[in-house]
Amino acid sequence: MTTPVIAPSPTPALGADPGLVLSGLRAAIDGLQAQGTPLVRGPQEYDALLIGYDREIRRLQALKLAVVAAADAARVAEQAGLSDTSAWFARRTRSDGAAASREVGLATALATTPGQTVRPCAQALASGELSADHARVIVAATGQLPSGLTSGEVTTVEEDLVEKAGRLSPDHLRRVARRALAAVEEDQAIVDRHEDDLLRTEEDGARSRTKLTLHDNGDGTTTGHFTVPTVAASILRKVIQSMTSPRRARLGATAAQAGDPTERRDWSHQAGHAFADLLGRIPTDHLHHKVAATVLVTIEHDHLRDAVGAAGLDTGDSLSASETLRLACGAGIAPVVLNGPGLPLHLGRTQRFFNEAQRVVLATRHHTCIAEGCERPFAWCELHHRKHWAHRGTSNLEDADPLCGFHHQRIHDPRYTHTRGPNGVTFRLRT
């Protein structure tokens, strides 16, 4: 039987004596552990160590997936009396069924037989350039491409996603991958329709899996579990976050330090209290009216008119145009009019704080905190004056920078310097 591999050439795990390979690997790791924590002299060396270890772990993950793919082809599970390779993987690694199924699915998707061209994401995983989570996103995205594409076009799309994976987290890559077709399709209308189809399929699946269960614990509390569409969760998240904002949390921490035991709560505890408070304030006689939380939705007019394409939420999520139209009938959807009349967007020094109209416009320009590498969504951000108000700064639109609570504190921290670059604001501890 042909043995599948997922690396450009036969891998040590499959091309050499397994016992010798594992013995060498164990000896190398034992040597590193015996040395203890490496002696480092500064942040750059920590960076190098972390990146280096992470790269080698990814390469080991590729080798493990090669073993799984080979075991699947050899029908090892059947020989062991198990139902399938996922059951074999779960038993041998003591993992749960869902995790085992994901691992086996990725292994078989990346596997090729000798003579076949190795997939770009398999090569990148084997060299440590991307993680298994990135590879899983890429495999899913290429599997959802239109059926009429040639194998060369599919490879081009995959190579483009591999390149993007080098600078994006798996979650961000997943959102970007909905428009992966743009790598080989010049007609943006076709790309829009494909993205819209993917979002509609995702939304239909979300609705079919929506459920709520509640269990009375008999001690004055009730435990619940729910699965809802992401847009519904985004509205709930914004309400809870507004009730447990970082600034309130900092005030709570101060009170706790002062000896107030009622304020000694972790974030989930605070969120639980906010959720209970929210449930107690639901206006049951007006359930058909607008929700209290307004989610900013940005969409091109043509997409909304034609009900095709994607809308972006200020929470970092996406909706199909048709779902946006449905929500606009009853939910708290704020329209963004960039060329309309009358919204004061340039306030100079007549007003200390940025207003809501400016925030709405900024939501069309920024999806996350502008600190480099920070993916906290715009909805979590505070608006920072690029030139401090105390230094004669203005509250004009071009002077507003969205920063999450952490990076807003950091930009005012005199122990750090900050620099603006093409990828956002970077921070460095003063020496």
Side-chain angles (χ1 to χ4, degrees), residues 6 102 105-106 108-112 116-125 129-208 229-231 297-326 364-368 375 377 423:
I6 64 168
R102 287 193 298 270
L106 179 60
T108 55
L110 296 181
T112 57
Q116 286 184 314
T117 302
V118 180
R119 296 184 60 162
C121 65
Q123 291 179 314
L125 179 61
E129 295 175 16
L130 53 75
S131 69
D133 288 336
H134 286 101
R136 198 171 286 113
V137 171
I138 294 171
V139 166
T142 54
Q144 294 173 325
L145 291 171
S147 58
L149 295 184
T150 66
S151 60
E153 289 174 324
V154 173
T155 298
T156 298
V157 170
E158 186 164 326
E159 290 172 342
D160 182 66
L161 289 173
V162 167
E163 186 276 326
K164 289 181 170 66
R167 45 193 168 81
L168 301 176
S169 69
D171 186 58
H172 194 178
L173 180 66
R174 187 177 295 107
R175 296 195 294 269
V176 170
R178 295 191 184 108
R179 296 189 66 81
L181 183 60
V184 294
E185 177 56 66
E186 295 182 358
D187 189 337
Q188 291 304 300
I190 294 177
V191 177
D192 290 341
R193 283 196 296 272
H194 178 64
E195 181 182 21
D196 187 78
D197 288 341
L198 293 179
L199 285 168
R200 289 193 189 195
T201 300
E202 189 176 292
E203 289 159 1
D204 290 343
R207 281 190 286 269
S208 70
T230 298
V231 64
V297 178
T298 304
I299 186 171
E300 292 186 18
H301 177 265
D302 291 345
H303 290 175
L304 188 64
R305 180 195 61 205
D306 299 333
V308 173
L313 277 65
D314 63 343
T315 56
D317 303 302
S318 299
L319 288 177
S320 65
S322 57
E323 184 72 357
T324 303
L325 284 170
R326 185 188 71 79
T364 69
R365 301 179 181 178
H366 303 279
H367 302 294
T368 64
E375 294 191 3
N423 298 318

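- Here the shortest heavy-atom pairing between Ala132 and Leu125 reads N-CD1, 3.7 Å.
- Counting heavy atoms from C-beta on, the side chains of Val157 and Glu153 never come closer than 4.5 Å.
- Nearest heavy-atom pair, His134 versus Ser169, reported as atom, atom and distance to 0.1 Å: NE2-C, 3.7 Å.
- The CZ atom of Arg175 sits 6.0 Å away from the CD atom of Glu375 when rounded to the nearest 0.5 Å.
- Using a 4.5 Å cut-off on side-chain heavy atoms (C-beta onward), Leu130 and Ile138 make contact.
- Under the 4.0 Å criterion applied to side-chain N and carboxylate O atoms, Asp160 and Lys164 are assigned as salt-bridge partners.
- In this structure, Asp133 pairs ionically with Arg136, as a charged nitrogen and a carboxylate oxygen lie closer than 4.0 Å.
- You'll find the side chain of Leu173 reaches within 4.5 Å of the side chain of Leu161, heavy atoms only.
- Taking the charged nitrogens against the carboxylate oxygens, Arg179 and Glu195 do have a contact shorter than 4.0 Å, which makes a salt bridge.
- The two residues Ala183 and Thr156 have their closest heavy-atom pair at O-CG2, 4.2 Å.
- Annotation: the span from Glu158 atom CD to Gln123 atom CD amounts to 9.0 Å, rounded to 0.5 Å.
- Residues forming a side chain to side chain contact (heavy atoms under 4.5 Å, CB included) with Glu203 (at least two apart in sequence, or on another chain): Leu199, Arg207, Leu319, Ser320, Glu323.
- Using a 4.5 Å heavy-atom threshold, the side chains of Leu106 and Arg102 count as separate.
- Heavy atoms of other residues, nucleotides or ligands lying less than 6.0 angstrom from CD of Gln116 number more than 12.
- Using a 4.0 Å cut-off between a side-chain N of Lys or Arg and a carboxylate O of Asp or Glu, Asp204 and Arg200 do not qualify as a salt bridge.
- Minimum interatomic distance between Val137 and Pro170 (heavy atoms only, all atoms of both residues): CG2-O, 3.8 Å.
- Looking at Arg119 and Thr142, their side chains come closer than 4.5 Å, going by heavy atoms from C-beta outward.
- Summarising the geometry, atom CD1 belonging to Ile190 is positioned 4.0 Å from atom CD belonging to Glu185; distances are rounded to the nearest 0.5 Å.
- For the pair Val191/His194, no side-chain contact is recorded, criterion being any heavy-atom separation below 4.5 Å from C-beta on.
- Closest approach of Arg167 and Glu163 over heavy atoms only: NH2-OE1, 3.1 Å.
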